[in-house]
Amino acid sequence: MTITQPDLSVFETVESEVRSYCRGWPTVFDRAQGSRLTDEDGHTYLDFFAGAGSLNYGHNNPVLKRALIDYIERDGITHGLDMSTTAKRAFLESFQNIILRPRDLPYKVMFPGPTGANSVEAALKLARKVKGRESIVSFTNAFHGMSLGALAVTGNSMKRAGAGIPLVHGTPMPFDNYLDGQTPDFLWFERLLEDQGSGLNKPAAVIVETVQGEGGINVARADWLRALAALCERQDMLLIVDDIQMGCGRTGAFFSFEEAGIVPDIVTVSKSISGYGLPLALTLFKPELDIWEPGEHNGTFRGNNPAFVTAAAALDTYWADGQMEKQTLGRGEIVEGHLKAIVAEHPGAFAEYRGRGLVWGLECTDKELANKIAKRAFELGLLIETSGPQSEVVKLLPALTTTPEELDEGLRILARAVRDCA
Ligand SMILES: Cc1ncc(COP(=O)(O)O)c(C=O)c1O
């Protein structure tokens with residue numbers, strides 16, 4: 001594709017240096033539909049990024065758009081703090097009937113502020129309040145958000161340094177497969193918990209992602225997650241699963257922990273819960289943990305009513321009949337097949353490919369290669385992100401509604417980008 005130089009001047013002169021995605025994709029996007037974005041010069045891009053996991057049902061999904069337009073046109077409540085509204089009622093009813101009840105999950109639903117980090121902050125605060133302890137255990141290469149509490153349980157040193165103050169009350173432990181694959185899981189962690197001389201303050205909770213998205217698509221085994229849940233139970237620590245990126249069907253099941261058969265004490269949900277890219281977050285917890293005082297944790301944008309409308313429409317459309325999980329697992333196999341072929345075509349270039357459902361990563365042995373591939377893919381009309389501590393993993397996160405033909409098309413572009421760079 002021939003790329004004319006877009007007019008980026010106002011972004012470069014007015015917008016902060018902190019901007020990031022626009023640097024890797026130097027064009028001005030204008031419209032989007034399904035898995036394709038179009039820039040202001042009319043070039044289209046196939047999207048294997050999906051708003052960092054916020055657009056599991058694609059851009060401007062027509063069913064959700066219709067529900068939103070109808071709601072806005074009838075002057076439905078847009079802003080309502082945490083007042084009871086018809087939109088919130090419809091969402092809670094759908095969430096209970098379609099998601100919680102069939103899975104036998106007893107959770108109460110809290111609406112923190114609308115971002116993922118807001119949900120993580122609420123989860124950490126509640127765990128500390130319930131247990132009366134300060135310390136939280138997180139895992140190597142974890143990512144939980146940019147606010148100070150969430151950053152304290154995040155691994156990335158560059159992001160941590162941005163805090164400007166000490167990040168305290170968080171202790172990292174090795175994630176699944178972080179060590180040599182020989183050391184028994186949780187040997188170190190349990191030893192510290194049991195040794196009065198270890199220096200580890202007894203944690204209130206452990207926070208974990210079942211698949212680390214930003215950390216490099218590190219997939220925890222179901223056995224490892226089950227052992228972690230058992231350890232939390234034995235040691236009287238709450239288990240928080242951060243399902244902000246991997247929930248809402250990304251790994252197949254609605255919640256990413258379902259495959260392991262565990263029931264976390266607290267679950268954070270955001271990104272794709274609104275289904276439309278509108279900000280919305282939930283913090284779910286077992287009813288006996290619901291010891292909040294009214295208003296003890298609040299926020300102006302808790303009840304994002306337009307997001308409730310699209311969220312309810314997404315659940316009703318995609319999750320009522322149990323088909324979504326099968327479809328995602330099937331489409332994941334298409335991705336896996338292509339990645340296997342790419343790795344076989346370039347011996348030595350890739351350490352591994354790995355993933356679950358429709359989240360996949362291709363780990364490059366040369367740490368610079370992933371960014372080169374992503375850059376070339378953009379030139380060829382494909383949006384892909386990188387992740388991992390040194391951005392060494394090419395990350396594939398297509399919308400769950402991406403058709404098999406679009407997956408083939410995008411993966412062929414990826415294969416060509418790899419050929420051009422490896
Ligand atoms: C697992 C996880 N937790 C928390 C967050 C933070 O969400 P937000 O950027 O909406 O604050 C993210 C964002 O990528 C995430 O992937």
Side-chain angles (χ1 to χ4, degrees), residues 18-21 24 49-56 110-127 136-156 158-160 162-163 167 170 172 175-176 205-220 225 239-251 254-257 264 266-284 299 301-302 304 307 311 355-361 384-389 391 393 395-397:
V18 80
R19 65 195 190 278
S20 63
Y21 289 111
F49 168 64
S54 302
L55 293 163
N56 280 5
M110 169 181 179
F111 299 108
T115 70
N118 291 145
S119 180
V120 169
E121 294 294 343
L124 300 179
K125 200 193 263 192
L126 182 63
I136 306 282
V137 161
S138 57
F139 290 97
T140 48
N141 289 310
F143 182 83
H144 297 293
M146 287 291 108
S147 51
L148 293 178
L151 207 47
V153 289
T154 287
N156 186 291
M158 188 268 264
K159 301 271 196 296
R160 289 178 67 88
L167 293 170
F175 189 71
D176 191 13
V206 174
I207 183 164
V208 68
E209 298 150 272
T210 63
V211 180
Q212 296 183 321
E214 301 308 299
I217 318 300
N218 304 316
V219 184
L225 290 168
L239 177 61
I240 305 170
V241 168
D242 180 345
D243 234 6
I244 287 165
Q245 190 163 151
M246 295 304 148
C248 304
R250 177 51 61 186
T251 64
F254 186 84
F255 293 110
S256 70
F257 54 81
I266 305 179
V267 184
T268 58
V269 179
S270 182
K271 291 205 189 262
S272 270
I273 186 65
S274 82
Y276 203 72
L278 296 172
L280 181 64
L282 322 177
T283 312
L284 312 175
F301 291 106
R302 275 168 297 160
N304 185 351
R356 266 180 70 193
L358 272 172
V359 50
W360 288 88
I384 39 170
E385 198 190 357
T386 60
S387 79
S391 302
V393 179
K395 176 179 175 188
L396 285 79
L397 209 66

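All values below come from the heavy atoms of this structure, side chains included, with hydrogens, waters and symmetry mates left out. When a residue number appears, it is its place in the shown sequence, counting from 1. All ligand and atom numbering here is 1-based and tracks the order in the structure.
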Exercise for the section: State, with a plain yes or no, whether a side-chain heavy atom of Thr210 is found less than 4.5 Å away from one of Arg356. Expected result: yes

Practice task
Decide side chain to side chain contact (heavy atoms under 4.5 Å, CB included) for Asn156 and Glu214; before the verdict, give the C-alpha distance in whole Å, the side-chain angles of both, and the deciding distance to 0.1 Å.
Solution key: CA-CA 9 Å; Asn156 186 291; Glu214 301 308 299; over 6 Å; no

Handout entry: All side chain to side chain contact (heavy atoms under 4.5 Å, CB included) counterparts of Asn218, not counting sequence neighbours
Key = Asn141, Phe175, Gln212, Arg354

Exercise for the section: Could you walk me through whether His144 and Glu209 pass the side chain to side chain contact (heavy atoms under 4.5 Å, CB included) test, one step at a time? Expected result: CA-CA 9 Å; His144 297 293; Glu209 298 150 272; 3.9 Å; yes

Exercise for the section: Could you list the residues that satisfy side chain to side chain donor-acceptor pair (under 3.5 Å) with Ser147, not counting sequence neighbours? Expected result: Glu121

Fill in the blank from the handout: The answer, listing residues by chain and number that come under 4.0 Å of ligand 1 through any heavy atom, is Thr115, Gly116, Ala117, Phe143, His144, Gly145, Glu209, Asp242, Ile244, Gln245, Lys271

Practice task
For Tyr276, enumerate each residue passing the ring-ring contact (aromatic ring centres under 6.0 Å, His included) test, keeping only those at least two apart in sequence or located in another chain.
Solution key: none

